[in-house]
Undergrad: 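Before I ask anything, here is the structure I am working with.
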Amino acid sequence: DMMDTGSPTCTIVGYGMKEPDASWTPQSLAIGGFVLNLGDGRPFPNCVLEVAYLNESLRTLRAELHGWISAFTSVRVAIGIKIFGQRTNGTRRMLALVYRRGVANPEQEVEFGTTLPTAAGLQLTIQVADLYHGTALPPGYAVGDTLAIDLAALQRRILSTLP
């Protein structure tokens with residue numbers, strides 16, 4: 001029931017037109033109740049992803065994530081990945097953040113770059129109920145279940161794509 005909606009252009013009061021780097025929306029999600037219109041008759045996605053590399057500061061990324069879970073959207077989870085420039089010793093700092101509606105934010109903030117001895121075992125956890133908010137959970141899932149994002153695998157993927 002999950003659909004990757006890519007990068008829908010969303011209107012957010014106080015932030016203007018925003019386009020996430022990626023987003024996820026259940027196919028059956030409909031506007032109404034706590035699910036808001038993103039500006040063109042479609043519902044806001046339940047989860048958005050923002051990636052900040054060299055031209056976006058950590059401060060800017062934090063502001064974007066805060067905007068995604070503001071009172072002017074119905075986004076449940078905003079995930080941010082900050083990739084810093086390579087250091088002279090060849091290491092690279094990477095930071096993963098999770099902003100979640102209704103909790104103190106960031107809910108999670110995890111360093112996972114090559115500045116650490118290893119990223120093995122590091123992860124972000126996302127509530128399945130947040131991903132499917134406004135729809136029924138898929139068979140086999142219960143409220144309280146989580147999905148894990150393996151940050152060591154993400155680190156490898158990022159490093160394989162950087163120059």
Side-chain angles (χ1 to χ4, degrees), residues 1-53 56 58-83 94-112 119 121-158 160-161:
D1 184 43
M2 204 59 146
M3 177 177 68
D4 179 357
T5 57
S7 301
T9 301
C10 306
T11 303
I12 305 175
V13 175
Y15 294 86
M17 303 296 275
K18 292 289 302 161
E19 197 172 295
D21 292 318
S23 67
W24 295 270
T25 305
Q27 291 178 351
S28 58
L29 188 65
I31 296 167
F34 294 110
V35 179
L36 303 179
N37 182 338
L38 64 76
D40 68 359
R42 293 181 294 160
F44 271 96
N46 281 349
C47 181
V48 297
L49 171 69
E50 291 284 357
V51 178
Y53 186 38
E56 288 181 285
L58 180 56
R59 178 182 300 230
T60 299
L61 177 62
R62 288 180 191 279
E64 288 179 349
L65 297 174
H66 184 267
W68 281 117
I69 61 160
S70 73
F72 303 108
T73 81
S74 53
V75 173
R76 303 295 301 173
V77 178
I79 302 169
I81 304 296
K82 173 60 179 155
I83 306 165
M94 296 179 206
L95 182 66
L97 305 111
V98 174
Y99 280 57
R100 187 170 170 232
R101 184 168 302 285
V103 302
N105 283 299
E107 180 189 56
Q108 299 168 65
E109 186 169 317
V110 183
E111 292 273 354
F112 69 105
L122 297 177
Q123 63 182 21
L124 295 179
T125 55
I126 308 301
Q127 298 289 321
V128 173
D130 283 337
L131 297 177
Y132 286 93
H133 180 78
T135 65
L137 289 175
Y141 287 99
V143 173
D145 285 353
T146 60
L147 297 176
I149 298 172
D150 179 344
L151 293 177
L154 180 58
Q155 180 200 83
R156 287 190 301 275
R157 181 70 186 256
I158 290 169
S160 74
T161 62

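Because the structure is a prediction, the values reported are computed rather than measured.
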Undergrad: Is any side-chain heavy atom of Val128 less than 4.5 Å from a side-chain heavy atom of Thr146?
TA: no
Undergrad: Hey, what do you get for CG (Leu61) to CD1 (Ile83), rounding to the nearest 0.5 Å?
TA: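 One finds 10.5 Å between CG of Leu61 and CD1 of Ile83.
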Undergrad: When you measure from the side chain of Lys82 to the backbone of Arg62, do you find a donor-acceptor pair of N or O atoms at a distance under 3.5 Å?
TA: no
Undergrad: Between Arg59 and Glu64, is the salt bridge (Lys or Arg N to Asp or Glu O under 4.0 Å) condition met? List the steps.
TA: CA-CA 9 Å; Arg59 178 182 300 230; Glu64 288 179 349; over 6 Å; no
Undergrad: Quick one: does any side-chain atom of Gln123 pair with a main-chain N or O of Ala148 as donor and acceptor, under 3.5 Å?
TA: no
Undergrad: What distance separates Tyr99 OH from Glu50 CD, expressed to the nearest 0.5 Å?
TA: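 The OH atom of Tyr99 sits 12.0 Å away from the CD atom of Glu50.
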Undergrad: Between Arg101 and Ser74, do the side chains contain a donor N or O and an acceptor N or O under 3.5 Å apart?
TA: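 Checked: Ser74/Arg101 side chains show no N/O donor-acceptor pair below 3.5 Å.
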Undergrad: At their closest point, which heavy atom of Leu124 faces which heavy atom of Ala96, and how far apart are they?
TA: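 Scanning both residues, the minimum pair turns out to be CD1-CB, 3.7 Å.
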Undergrad: Taking the side chain as every heavy atom from C-beta outward, state whether Leu147 and Thr125 have any pair of such atoms under 4.5 Å apart.
TA: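 Contact flag for Leu147/Thr125 side chains = no.
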Undergrad: With a 4.5 Å heavy-atom cut-off, do Tyr132 and Pro26 have their side chains touching?
TA: yes
Undergrad: Taking the side chain as every heavy atom from C-beta outward, state whether Cys47 and Ile79 have any pair of such atoms under 4.5 Å apart.
TA: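 Cys47 reaches Ile79 side chain to side chain.
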Undergrad: Give the ring-plane orientation class for Trp68 versus Phe44, where under 30° counts as parallel, over 60° as perpendicular and anything between as tilted.
TA: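 If you compare the ring of Trp68 with that of Phe44, the planes turn out perpendicular.
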Undergrad: To the nearest 0.5 angstrom, please state how far the OH atom of Tyr53 sits from the CD1 atom of Ile81.
TA: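 The OH atom of Tyr53 sits 14.5 Å away from the CD1 atom of Ile81.
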Undergrad: List the steps, then state whether side-chain contact (heavy atoms from CB on, under 4.5 Å) holds for Ile126 with Ile149.
TA: CA-CA 8 Å; Ile126 308 301; Ile149 298 172; 4.1 Å; yes
Undergrad: Please report the interatomic distance CG(Leu131) to OG1(Thr25), rounded to the nearest 0.5 Å.
TA: 10.5 Å
Undergrad: Just how far is it from atom CG of Leu97 to atom NE2 of His66, taken to the nearest 0.5 Å?
TA: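 So the gap between those two atoms works out to 13.5 Å.
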Undergrad: Could you tell me whether the side chain of Val110 reaches within less than 4.5 Å of the side chain of Leu95, counting heavy atoms only?
TA: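 Counting from C-beta outward, Leu95 and Val110 never come under 4.5 Å.
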Undergrad: What pair of heavy atoms forms the shortest contact from Val48 to Pro20, and how long is it?
TA: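 Closest heavy-atom pair between Val48 and Pro20: CB-CB, 3.9 Å.
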Undergrad: Of all heavy-atom pairs between Gly41 and Ile31, which one has the smallest distance, and what is that distance?
TA: O-CD1, 3.3 Å
Undergrad: Could you measure the distance from the OG1 atom of Thr135 to the CG atom of Leu29? Nearest 0.5 Å is fine.
TA: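 Rounded to the nearest 0.5 Å, the OG1-CG separation comes out at 6.5 Å.
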Undergrad: Under 3.5 Å, side chain of Asn37 to main-chain N/O of Asp40, donor-acceptor pair present?
TA: yes
Undergrad: Testing the basics here: between Gly67 and Thr73, what is the closest heavy-atom pair and its distance to 0.1 Å?
TA: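 Smallest interatomic distance, heavy atoms only, reads O-CG2, 3.7 Å.
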Undergrad: So do Gln155 and Met94 actually touch side chain to side chain, heavy atoms under 4.5 Å?
TA: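 Heavy-atom side-chain distance check passes, below 4.5 Å.
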Undergrad: Restricting to non-hydrogen atoms, name the atom on Ala78 and the atom on Leu65 that form the minimum distance, rounded to 0.1 Å.
TA: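 That would be CB-CD2, 3.7 Å.
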Undergrad: Look only at the side chain of Asp130 and the backbone of Val77, and say whether a donor-acceptor pair between them is shorter than 3.5 Å.
TA: no
